[in-house]
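Atoms within each ligand, like the ligands themselves, are counted from 1 in listed order. Only this structure's heavy atoms are used, side chains among them; waters, hydrogens and symmetry mates stay out.
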Amino acid sequence: MSKNETIVAIDGPSGAGKGTVARALAHELGYRHVDTGAMYRAVAWQATHNGVDLADESAVATVAQSVVLTLDGDRIVVNDYDVTEAIRTPETDVASALVARLSAVRQVLIGQQRAIGETGRVVMEGRDIGTVVFPGAAVKIFLDAAPAERARRRAADRAHTSSRSADLVGVASALEARDASDRTREVSPLKLALDAELIDTTGMPIDDVVKRVLSLVRFKLDTSVSKDER
Ligand code: DC
């Protein structure tokens, strides 16, 4: 099998359930789970920490090039410093959406994401995995949900909740602003790949979403294996 035939791309907006679904899928399939949003967050965190102006594209790209990002299961380490919790604040939500708009930063991170996928057997989640990072991925899933439901899920997500962000109205408006930025930016905007399966998870318990995606992915992976054997 070629490496593309064991790459599962999960894209969609914040709060659509990508993280839970991608983690469960990777566990069930014995694949590696890669959260590319955490990479944009880690670069944003380091740039802010260094006092870099987030509008300065080349300075932020230099940060992206110089940091060593280690993705170890659900932990993310930047130059030996574990930032797993530090990158889930409302400030990093905003900062990561800003750095994700910068083409030079995306080039660096996309290169790293492709290198991680080189060996295959990866479930990679993000915004542009099926459209840009791995357009030849065997399976592309686009998870979506109504904005109110995504805000509710995000507010209930302990990893993302701080005293300032826990109120639903605040979460909803921050989510809306970030989504608008992700969908309208010039480089790699969030959009549905033509060959992606769109799943609207509104009103679906997350366990049901996982079951549905898992059976779809198993079917598609089996189909590409048997195509290979023909
Ligand atoms: O998934 P997340 O909320 O942790 O992502 C953080 C930011 O990075 C968000 O603004 C979307 C952006 N992002 C992106 O542009 N491309 C990706 N592949 C992953 C995330």
Side-chain angles (χ1 to χ4, degrees), residues 7-23 33-48 54-55 57 60-61 63-64 69 71 74-76 78 83-117 122-135 137 140-145 147 150-151 153-155 157-162 165 171-193 196 201:
I7 290 179
V8 178
I10 313 267
D11 290 303
S14 316
K18 294 190 303 292
T20 311
V21 169
R23 203 171 297 114
H33 167 223
V34 179
D35 172 9
T36 60
M39 299 170 79
Y40 288 93
R41 287 172 179 274
V43 169
W45 180 88
Q46 185 67 61
T48 308
L54 299 184
E57 179 157 4
V60 184
V63 171
L69 298 183
L71 297 163
D74 278 349
R75 313 300 304 174
I76 178 149
V78 178
V83 295
T84 311
E85 279 82 32
I87 60 169
R88 302 287 165 192
T89 62
E91 291 77 11
T92 323
D93 285 353
V94 174
S96 61
L98 289 176
V99 310
R101 298 179 73 89
L102 306 174
S103 167
V105 173
R106 301 198 73 87
Q107 277 169 31
V108 173
L109 294 185
I110 288 171
Q112 295 180 7
Q113 290 153 13
R114 288 186 177 145
I116 294 171
V122 163
V123 178
M124 195 173 282
E125 58 162 301
R127 303 292 189 288
D128 59 343
I129 311 305
T131 51
V132 175
V133 183
F134 288 112
K140 300 181 187 178
I141 308 283
F142 191 100
L143 293 181
D144 208 348
R150 294 192 291 108
R153 289 181 191 159
R154 189 38 65 92
D157 180 353
R158 286 185 48 221
H160 275 273
T161 305
S162 77
S165 68
V171 172
S173 74
L175 202 75
E176 200 180 310
R178 216 149 60 84
D179 272 1
S181 171
D182 290 338
R183 287 182 205 268
T184 59
R185 67 178 175 231
E186 268 173 47
V187 277
S188 299
L190 169 66
K191 65 171 188 217
L192 181 69
T201 68

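No part of M124 comes within 4.0 Å of ligand 1, judged by heavy-atom distances. In R41, the part holding a heavy atom less than 4.0 Å from any atom of ligand 1 is the side chain. Residue R101 does not touch ligand 1, judged by heavy-atom distances below 4.0 Å. Contacts with ligand 1 closer than 4.0 Å are made by side-chain heavy atoms of R106 only, the backbone lying farther away. Residue contacts with ligand 1 for R178 involve side-chain atoms from C-beta outward but no N, CA, C or O (heavy atoms, distance under 4.0 Å).
Of all non-hydrogen atoms in V43 and V60, the two that sit nearest each other are CG1-CG1, 4.1 Å. Here the closest non-hydrogen pair linking V34 and V122 is CG2-CG1, 4.0 Å.
Taking every non-hydrogen atom of A97 and a distance limit under 4.0 Å, the qualifying atoms of ligand 1 come out as 10 (O). Listed by atom number, the atoms of ligand 1 under 4.0 Å from D182 heavy atoms are 9 (C), 10 (O), 11 (C). Below 4.0 Å from some heavy atom of T36 lie the following atoms of ligand 1, by number and element: 17 (C), 18 (N), 19 (C). Residue-ligand proximity, R88 to ligand 1, at heavy-atom distances under 4.0 Å covers atoms 4 (O).
Side-chain N or O atoms of R150 include one that pairs as donor or acceptor with a backbone N or O of S14 at under 3.5 Å. Using modelled atom types, one side-chain atom of T48 and one backbone atom of A44 make a donor-acceptor pair closer than 3.5 Å. At distances below 3.5 Å, not a single donor-acceptor pair connects side-chain atoms of K140 with backbone N or O atoms of L192. Remark: side-chain polar atoms of R101 are paired, donor with acceptor, to backbone N or O of S181 under 3.5 angstrom.
Residue contacts with ligand 1: D128 is placed with a nitrogen or oxygen under 3.5 Å of a nitrogen or oxygen of the ligand (distance criterion only). Considering backbone and side-chain atoms alike, R185 places an N or O below 3.5 Å from some N or O of ligand 1. Residue contacts with ligand 1: Q113 is placed with no nitrogen or oxygen under 3.5 Å of a nitrogen or oxygen of the ligand (distance criterion only).
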Test log, rule side-chain hydrogen bond (donor to acceptor under 3.5 Å, both in side chains), inputs T201 and R153: CA-CA 11 Å; T201 68; R153 289 181 191 159; 3.0 Å; yes
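Using a 4.0 Å cut-off between charged nitrogen and carboxylate oxygen, D93 and R41 count as a salt-bridge pair. Salt bridge D179/R154: absent, no basic N to carboxylate O contact under 4.0 Å.
Summarising the contacts of atom 17 (C) of ligand 1 with M39, R127, K18, the nearest heavy atom is found in R127.
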